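One structure, as C-alpha cells, below. Some questions next.
Letters A, B, ... are given to chains in the order of the sequence lines, protein chains preceding strands, and every chain is numbered from 1. No experiment lies behind these values; they were computed from the predicted model shown.
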Amino acid sequence: MFDEKGQLHTLEGVASATILLMVMIYAIDATSMTPLTASTSSLRVESELQTLGQDIFNVLDYSEANYTSKLKYDIINWNGTEYIYDGSKYVEVGNATSQNNLNNNLTNILSSTLVKQGIAHKVELTYLINSNNKTVPYTGSIIYAGAPSNNAVIVSRKIVLQDTDNVAATIPDIDPSSNLFNIVDIRLVMWRM
Amino acid sequence: MDFGKNTDAQFMLLAGFIIGTGLVITTVMLNSLLFEGNMAVEAGNELSKDEIANLIMITQDEIRKAYKNSTDPGQNVSLKFNNFSNQMQNFSSNLSKIYAMYGESINVSWDIERWKSNQYANFTENGMAGGRPDWSVVEGVNASSVSIFRFTNTTFSITGFRIEARNSSNYTVWSGEFNSSGYKITNTTGTSYGNVSGQSIDLNSTSYYFKQSIPPGPVSLYFINGNNAYGKFQIQGTANGRTFYRERHFIINSTLSYYTSRLRANFTIPFSVPW
C-alpha cells in the first residue's frame, strides 16, 4: 500500500515517453525537408530570391529615351507558346522535338542566373482582354515548371504596350480608340528545389 | 540501511531529468512565441520600393507616349489636350484592373495646366524651378555627330545660364553662357560674344563654334545654373555608339493614388515631356 515503486514506474514511463517524443520530432524535422517544406531558413532564401528576381527585371527593363527595353521587346515578340526548361534549353511544351526553342533576352539571363544556381522558375504573363463587353485580366504562361513550392517567391513588373510597338497577335489591342494597346504584368515565380 | 528498497536517489534523478526537459521545452516554446510575435504580419502586402519605382516608370512612359502621340506632326492641334487626356484616362482605368488582381487599387490623375498655358520647363534636372541647377545632360557624346542642338522659346535671366562640354579629364573644352543680354562662347581657341536673336538658338550654327572647336573624343554636356533659364531644348546625336535623344518642353504633374485594405498612399511627381 505504501510502496513507492508504482509512483516511480509512472515517472519513468513519463520520462521515457518524453524522450521518445523528442526523438521522433527531431527525426521528422531532420528528414522531411522536401521542396514543399516551409522552414525558418526559407525567410532568408525568400529574401535572396526576391532581390535576385528584382535585379533580373531591373536589368531587363532598362531603356534609354526612345528605345524599347529588352523585357518589353521579348513581350512584344512572344507568340503565345508555352515553354519548359529541358536541362539545356527552353523547349515547347508538348513538342520537345521542335526546333522552335525560346531564345531571347529573358531566357539568356535566366540561364545565366537561376538555372546555374538550381533555382526552379516559371514565367507568367497577365494581360487584359475584352470579353462579353468587359475588360478582364487573362493569364498565359511563357515558361512552365510545374507547381511551385510553399516558399516560392514572386516578383512582377508591369509594362505598357502602345499601338506603335507592333505587338505580336497573341496580346489583343484593348483600346483601339487611342494609342494604348494593352497593359501586361509579367511575373517571375522562383523557388529552391 | 536497506539499499535494495530505498528509491530516493532514483526519484531525485528523475525529477532532475523532468525539470531539465521542461526547461528546454519552455525555452523552445518561448523562442517560437517571440519569433512569431515579432514577424511583420502581412508585410508582403505593402507596396515595395520596386513596385513604386515600376508604377512611376510606367506612368512616366505613358505620359510621354500620350504627349508624343497627341503632338506628333499630322495630329489635329486643336484636339491635342483631349487626345492626351483620353489616352491617360484609358491607361488609368485599365491599370486599375491589373492592380485589382492583387487586391490593390490605383488611380492616376494628371495636371496639364502648365502645358495649356505654355509654361515651359526650367533647364534644371527635373524641370522644376527648384530642381538641381547643375547637372549632366548626356555623357560620352561624339560632338561631331550632334545633328540637333537647339533651344526655342527660351528666356534667360540676367544672371545667366551656361552649357559646358567637358572631356574625359573633366576639362571644359567648350562653353556657352546665355543671359538676357546676349551670349558668350569660350573654347580652346578663345572667346566670342554676340546677341541672341529671337527666342531660338541653334548651337549647331557656325556662330557658336560648337562642332568646329571641340577636339575629337567623347564629351559630356552639362547644364549649369539651369534655374536661370526656361524654354524648350532638343539635343540629338551619338553617345557611346548609340543615338541619343534629349528633349524637354513642359512638366506634367501626375498624382498616383494607391490603396489597399491596410495602406493608402498618394504621391505627386513631375514628369518632363516629351523625354
Quiz item: Side chain, backbone, both or neither: which part of B:F17 has a non-hydrogen atom closer than 4.5 Å to chain A?
Solution: side chain
Exercise. Output the distance between atom OG1 (B:T21) and atom CG (A:L21), rounded to the nearest 0.5 Å.
Key: 11.0 Å
Quiz item: Is it the case that more than 12 heavy atoms not belonging to B:Y230 sit under 6.0 Å from its OH atom?
Solution: no
Quiz item: Does any non-hydrogen side-chain atom of B:T243 lie less than 4.5 Å from one of A:E64?
Solution: no
Quiz prompt | Neighbour count >12 (heavy atoms, 6.0 Å) for atom OH, A:Y138 | solution = no
Practice problem: Kindly indicate whether the side chain of A:Q50, heavy atoms from C-beta on, has any atom under 4.5 Å from the side chain of B:D50. | Solution: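 SC-SC contact between A:Q50 and B:D50 ruled out.
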Quiz item: Counting a contact as any heavy-atom pair under 4.5 Å apart, which residues of residues 234-242 of chain B contact chain A?
Solution: B:R242
Self-check item: Best-contacting candidate, A:V184, A:I19, A:T18, A:N58, against chain B by heavy atom pairs under 4.5 angstrom
Solution: A:I19
Practice problem: Would you mind checking which part of A:D175 comes under 4.5 Å of any heavy atom in chain B, side chain (CB onward), backbone (N, CA, C, O), both or neither? | Solution: side chain
Practice problem: Mind checking the CG-CG spacing from A:L8 to B:D8? Nearest 0.5 Å is all I need. | Solution: 10.0 Å
Quiz item: Is the closest side-chain donor-acceptor distance between A:D185 and B:Y99 under 3.5 Å?
Solution: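 A:D185 vs B:Y99: no donor-acceptor pair found between side chains.
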Quiz prompt | Contact listing (chain A partner; residues 85-98 of chain B; heavy atom under 4.5 Å) | solution = B:Q87, B:N90, B:F91, B:N94, B:L95, B:K97, B:I98
Practice problem: Give me the contact list for residues 65-76 of chain A versus chain B, heavy atoms only, anything under 4.5 Å, ordered by residue number. | Solution: A:A65, A:N66, A:Y67
Quiz prompt | Point-to-point distance, once rounded to the nearest 0.5 Å, from OH of B:Y102 to CZ of A:R187 | solution = 4.0 Å
Quiz item: Using a cut-off of under 4.5 Å for heavy-atom pairs, which of B:K65, B:K68, B:R64 has the most such pairs with chain A?
Solution: B:K65
Quiz item: How many angstroms lie between atom OH of A:Y62 and atom CE of B:M57, to the nearest 0.5 angstrom?
Solution: 11.0 Å
Self-check item: Separation of A:T139 OG1 from B:M101 CE (nearest 0.5 Å)
Solution: 6.0 Å
Practice problem: Anything in residues 152-171 of chain A with a heavy-atom distance to chain B below 4.5 Å? Please list those residues in order. | Solution: A:S156, A:R157, A:K158, A:I159, A:V160, A:Q162
